[in-house]
There are 2 protein chains.
Amino acid sequence: MSITNSTLQEIFSATSFSIAESNLITSKFELKKLKKGDTLLHANEIVYNQYYVSSGCLRTYYIDKLGKEHTLQFAIKDWWISDYTAFFSTTKAVMTIECIHDAIVYKISRETMENLYSEIPKLETFFRKKMEKGFSAFQKRILATLSQTAKERYVSFVHSYPNIEQSVKNYHIASYLGITTESLSRIRKEISK
Amino acid sequence: MSITNSTLQEIFSATSFSIAESNLITSKFELKKLKKGDTLLHANEIVYNQYYVSSGCLRTYYIDKLGKEHTLQFAIKDWWISDYTAFFSTTKAVMTIECIHDAIVYKISRETMENLYSEIPKLETFFRKKMEKGFSAFQKRILATLSQTAKERYVSFVHSYPNIEQSVKNYHIASYLGITTESLSRIRKEISK
DNA sequence: ATTGTTTATTACCATACATCAATTTTCTTG
DNA sequence: CAAGAAAATTGATGTATGGTAATAAACAAT
């Protein structure tokens, strides 16, 4: 229950806090260790928390009515993860979060976040900017799905996220790109020629 | 140059400001009237501004290397519009914003926004929450593209945005859904049976 | 190392959606 | 309301990606 000051530095690198602020913030985060295969968040559960990923790898995925998995997001060091649609409104998760590689994450609730925001405005600024980045990333992804072929999207994924590409299964990547693992396999073969 | 207090109310409905705050904010917005067919933002232009839509209808679209248009977003009354990826980093627009129906918008620059945020924290809260909603909406759209057929996405679009559906061309909707206008036509035929 | 299990590949056929070209319908504007 | 322009529809055919099933390769565990 609670994290260290150096962890605080890790999470909010560019931001500087007073001692009082630091103490307040560190007291609110909770460390969690995850093993490969663990489920951090189950679909249908009410989402109270978001998580900062300090190490390891996780993914958020959605299971559709046919039972197929669709990966919305991967998260490695220095990424935040949750089912954000549910998190922002404290409603039930549509997605599941799974640990792909043993991980260390720091957990914080939305209620706590909102309270911290009013006490420490620069924390709100920090997260507003995070959100702007995330919004941007999603926008780019939508444009990519609209305008590119599966092959182009794969190439650009490998290029943009070399660290992730190495540490996840091909079928995870396929479900992120919106294609089957067989199609991805064919694409990889073509590229390797 | 500058808007009225009642317009301020319109934009920030749920939020209340002191007189000084109101005056400060209203002085920063600039009214702009647009005619159908006008371009509010050109691709390749540096993006300094975002716009609140008071009336009318606009859309943001991307032209790919083959010359095809892909609609990222529509905006009607009470929506905000810009090329946000470019706006957040004050870089060149990738997209174009076109007026689809005569519109009235209020313009404000990012620099002004950032200054207002530090003076009026609740304004930052307002936009953080807007951003959370937008992030959520994009997330849902990505999940929909990953897991649904074109027909399902069309039905859900019509259901979610009845006001937009009425006021835009079918080929706009097609380019938003990521299909051709011919395919959309076939889908509509099937549904009408 | 051997065996079992998970993941990736390959082949063959199916399907959703795209493309192209023509036609019809709807909207504009004098 | 007539004539032209823009948008939507339809038909015929093409293509990217999906589905199924079998096989091969990679990984894990004893």
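Labels below follow one simple rule: chain letters A, B, ... track the order of the sequence lines, proteins then strands, and each chain is numbered from 1.
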Q | Spacing of A/Gln166 atom CD relative to D/dC27 atom P, expressed in whole Å | A | 13 Å
Q | Footprint string (nucleotides 17-22 of chain C, 5' to 3'): B base within contact, S backbone only, - free, heavy atoms under 4.0 Å | A | SSBB--
(Q) Using a 3.5 Å distance criterion without hydrogens, assess whether the side chain of A/Thr7 forms a donor-acceptor pair with backbone atoms of A/Ile3. (A) no
**Q.** N/O donor-acceptor pair under 3.5 Å between A/Ser13 side chain and A/Gln9 backbone
**A.** no
Q: Please determine if B/Arg59 forms a cation-pi arrangement with B/Tyr61, meaning its NZ or CZ atom is less than 6.0 Å from the six-membered ring centre and no more than 45° off the ring axis.
A: yes
**Q.** Spacing of A/Leu177 atom CG relative to D/dT17 atom P, expressed in whole Å
**A.** 11 Å
**Q.** Phosphate OP1/OP2 of C/dT28 contacted by B/Lys36 side-chain N/O (<4.0 Å)
**A.** yes
Q: Provide, to the nearest angstrom, the distance between the CD atom belonging to A/Glu69 and the C1' atom belonging to C/dT7.
A: 14 Å
Q. Which atom names give the shortest non-hydrogen contact between A/Leu72 and A/Phe138, and what distance separates them?
A. CD2-CZ, 4.1 Å
**Q.** Between C1' of C/dT28 and NZ of B/Lys35, the distance in whole Å
**A.** 16 Å
Q | Euclidean distance, atom NZ of residue B/Lys169 to atom C1' of C/dT28 [Å, nearest integer] | A | 10 Å
Q | Member of B/Thr26, B/Ile25, B/Leu24 meeting the side-chain contact (heavy atoms from CB on, under 4.5 Å) criterion with B/Lys28 | A | B/Leu24
Q | Atom-pair distance (OH on B/Tyr171; C1' on C/dC27), nearest Å | A | 12 Å
Q: Please check if any side-chain donor atom of A/Arg188 sits under 3.5 Å from a side-chain acceptor atom of A/Tyr154, or the reverse.
A: yes
Q.
If the cut-off is 4.0 Å, is B/Arg188 near the phosphate of D/dT9, judged by side-chain N/O to OP1 or OP2?
A. yes
Q) Is the phosphate of D/dA7, meaning OP1 or OP2, less than 4.0 Å from a side-chain N or O of B/Asn170? A) no
**Q.** A/Phe157 six-ring face occupied by A/Arg141 cation (under 6.0 Å, within 45°)
**A.** no
Q: Rounded off to whole Å, could you give me the CD1-to-P distance for the B/Ile100 and C/dC27 pair?
A: 16 Å
**Q.** Distance, rounded to the nearest Å, where A/Glu152 contributes CD and D/dT15 contributes P
**A.** 17 Å
